[in-house]
Amino acid sequence: MTKVQSTVVAVVVGALALVACGNSEESSPVRVEPAPGAATDPPVTASSTQPIPTASPTATAAPTSTDSGPSAEEILQRNALYQVGAVPPVGCAAWSQVELGTFDGVRAFYESVMPCLDAAWTQVDPDMTPALLTVFTGPAPADSCAPGSEYSFYCPGTGTIFMYADEMMVPWNQYAGDDFSHGITRLAATWVIAHEYGHHLQNVAGIFGAVGPGWPGTETERRLELQASCLADVFMSSQRDAYPVAEQYWEWQDNWRATRLANHGSPENHRIWVDRGRQGADPGACNAFMAPPAEVT
């Protein structure tokens, strides 16, 4: 394994081991590898933000709503999020060149990306409440939906993205002085927070509320994760002026925007969805809830 290849493994395995964590009143998170019985945990609850109507592929993905609003199926399969068209650039500042070898550096980097994420996605929904951000090192804060965890996650109940700084600090420091490897780490950091912001969009759009209880460890979870990954590439593609991907990194793209986690779909299907997000920068390409099962295995 070459130096670059080993860097890639460190970034992908460490940085992209992500989940969307439920935050009910009992705050019961869903882990990357759900423990037996995790599907019986309290369901993920949507925030109080007004949902934008959305999409789902199978009849088992969500129950039908009994109130006068849109059904769960309509929220999942025909959400207004899919109708907005290409996301335009918003003139974000070029990405920070801060080093990611310290907690302060990683926190500064994530804080520099958040305003661009907010600006890009509030174009889609001007009434959207932007996500909150907490960057941590060591065990996750006790007041999060996954206290003690050591990975990045999103809490729908509070609309907060929790980014685990060590995911970037470790590979950055392991390859000190290696500009190529540091470039991949910076790409991974941008893509990871964009993926977690994708979960916030799902929350605002009512998707978490519509999938109902029992989604962890199921095909529905893969649809949620693949959609978030697709939305991450919509963001990076639409804001490519601020976050350009140098040609030298394209042959390594699976190393900074890929996962090897079963609940995020197979590597082959993950590539399908991130490529759809990048092509055209259109959230309409991210309707994972209308995709055939073969595309979400």
Side-chain angles (χ1 to χ4, degrees), residues 8 11-21 30 32-33 44 54-57 61 76 79 81-82 87 113 117 120-121 124 131 151-154 156 161-164 167 184 187-205 207-208 211 215-216 218-240 243 245 249-250 252-297:
V8 161
V11 171
V12 170
V13 174
L16 303 187
L18 311 176
V19 296
C21 286
V30 179
V32 171
E33 298 295 340
V44 172
T54 312
S56 178
L76 292 171
N79 200 296
L81 178 63
Y82 309 145
V87 176
V113 180
L117 284 159
W121 290 118
V124 172
Y151 49 78
S152 295
F153 55 93
Y154 172 72
I161 293 170
F162 287 83
M163 297 303 298
Y164 183 45
E167 291 169 333
I184 290 179
L187 276 169
T190 308
W191 190 90
V192 169
I193 193 170
H195 171 100
E196 295 302 332
Y197 209 103
H199 286 312
H200 182 64
L201 293 174
Q202 291 171 327
N203 189 22
V204 171
I207 293 172
F208 276 129
V211 295
W215 58 265
T218 68
E219 179 183 283
T220 298
E221 181 177 21
R222 294 195 299 275
R223 293 182 189 276
L224 286 166
E225 293 293 351
L226 289 167
Q227 183 175 76
S229 291
C230 180
L231 291 168
D233 268 75
V234 167
F235 168 76
M236 292 195 68
S237 179
S238 66
Q239 309 308 315
R240 65 175 69 91
Y243 305 111
V245 180
Y249 292 120
W250 277 108
W252 299 94
Q253 60 186 293
D254 284 349
N255 300 314
W256 53 266
R257 59 179 189 135
T259 70
R260 292 173 175 80
L261 299 167
N263 67 337
H264 286 59
S266 67
E268 294 75 19
N269 280 335
H270 196 268
R271 281 192 288 272
I272 288 173
W273 287 98
V274 295
D275 286 344
R276 285 175 179 170
R278 179 159 290 276
Q279 296 163 2
D282 186 347
C286 300
N287 190 345
F289 291 94
M290 285 292 284
E295 290 187 356
V296 295
T297 56

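Positions are given from 1, in the same order as the sequence printed here. We use all heavy atoms of the structure for the numbers below, so side chains are in, but hydrogens, waters and symmetry mates are not. Model, not experiment: these values are computed from the prediction.
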Are Asp233 and Trp273 packed together at the side-chain level, in the sense that at least one heavy-atom pair is separated by less than 4.5 angstrom? no
Where do Val296 and Arg222 come nearest, in terms of heavy atoms and distance? O-NE, 2.5 Å
Shortest non-hydrogen contact from Val234 toward Cys286: CG2-SG, 3.8 Å
Looking at Pro283 and Ala281, what are the two nearest heavy atoms and their distance? CD-O, 3.8 Å
Which pairs count as salt bridge (charged side-chain N to carboxylate O under 4.0 Å, His left out) when at least one residue sits in residues 283-297, sequence neighbours excluded? Arg276-Glu295
So OH of Tyr154 and NE2 of His195: to nearest 0.5 Å the spacing works out to 12.0 Å
Sub-4.5 Å side-chain heavy-atom contact between Val274 and Trp191: yes
Using only heavy-atom distances, determine whether the side chains of Glu196 and Ser152 contain a donor-acceptor pair under 3.5 Å. no
4.5 Å side-chain heavy-atom contact, Leu81 and Gln202: no
Any side-chain donor paired with an acceptor under 3.5 Å for Arg223 and Thr220? no
Quick one: does any side-chain atom of Arg278 pair with a main-chain N or O of Asp275 as donor and acceptor, under 3.5 Å? no
Any salt bridge (charged side-chain N to carboxylate O under 4.0 Å, His left out) involving residues 279-294? Give me the pairs, sequence neighbours left out, ordered by first then second residue. none
Modelled atom types, side-chain donor and acceptor of Ser229 and His270, under 3.5 Å: yes
Supply the atom-to-atom distance Leu117 CG to Leu231 CG, rounded to the nearest 0.5 angstrom. 11.0 Å
Residues two or more places apart in sequence or in another chain: which of them pass side chain to side chain contact (heavy atoms under 4.5 Å, CB included) with Ala131? Met114, Ile161, Tyr197, His200
If the plane angle is over 60° it's perpendicular, under 30° parallel, otherwise tilted; pick one for Phe235 and Tyr243. tilted
Considering all heavy atoms of both residues, which atom of Ala228 and which atom of Gly198 are nearest to each other, and what is their separation? CB-C, 4.3 Å
Has Asn203 got a side-chain atom pairing as donor or acceptor with Phe208's backbone, closer than 3.5 angstrom? no
From Asn269 CG over to His264 NE2, what is the distance, rounded to the nearest 0.5 angstrom? 13.5 Å
Is Gln227 close to His199 at the side-chain level, that is, under 4.5 Å between some pair of heavy atoms? no
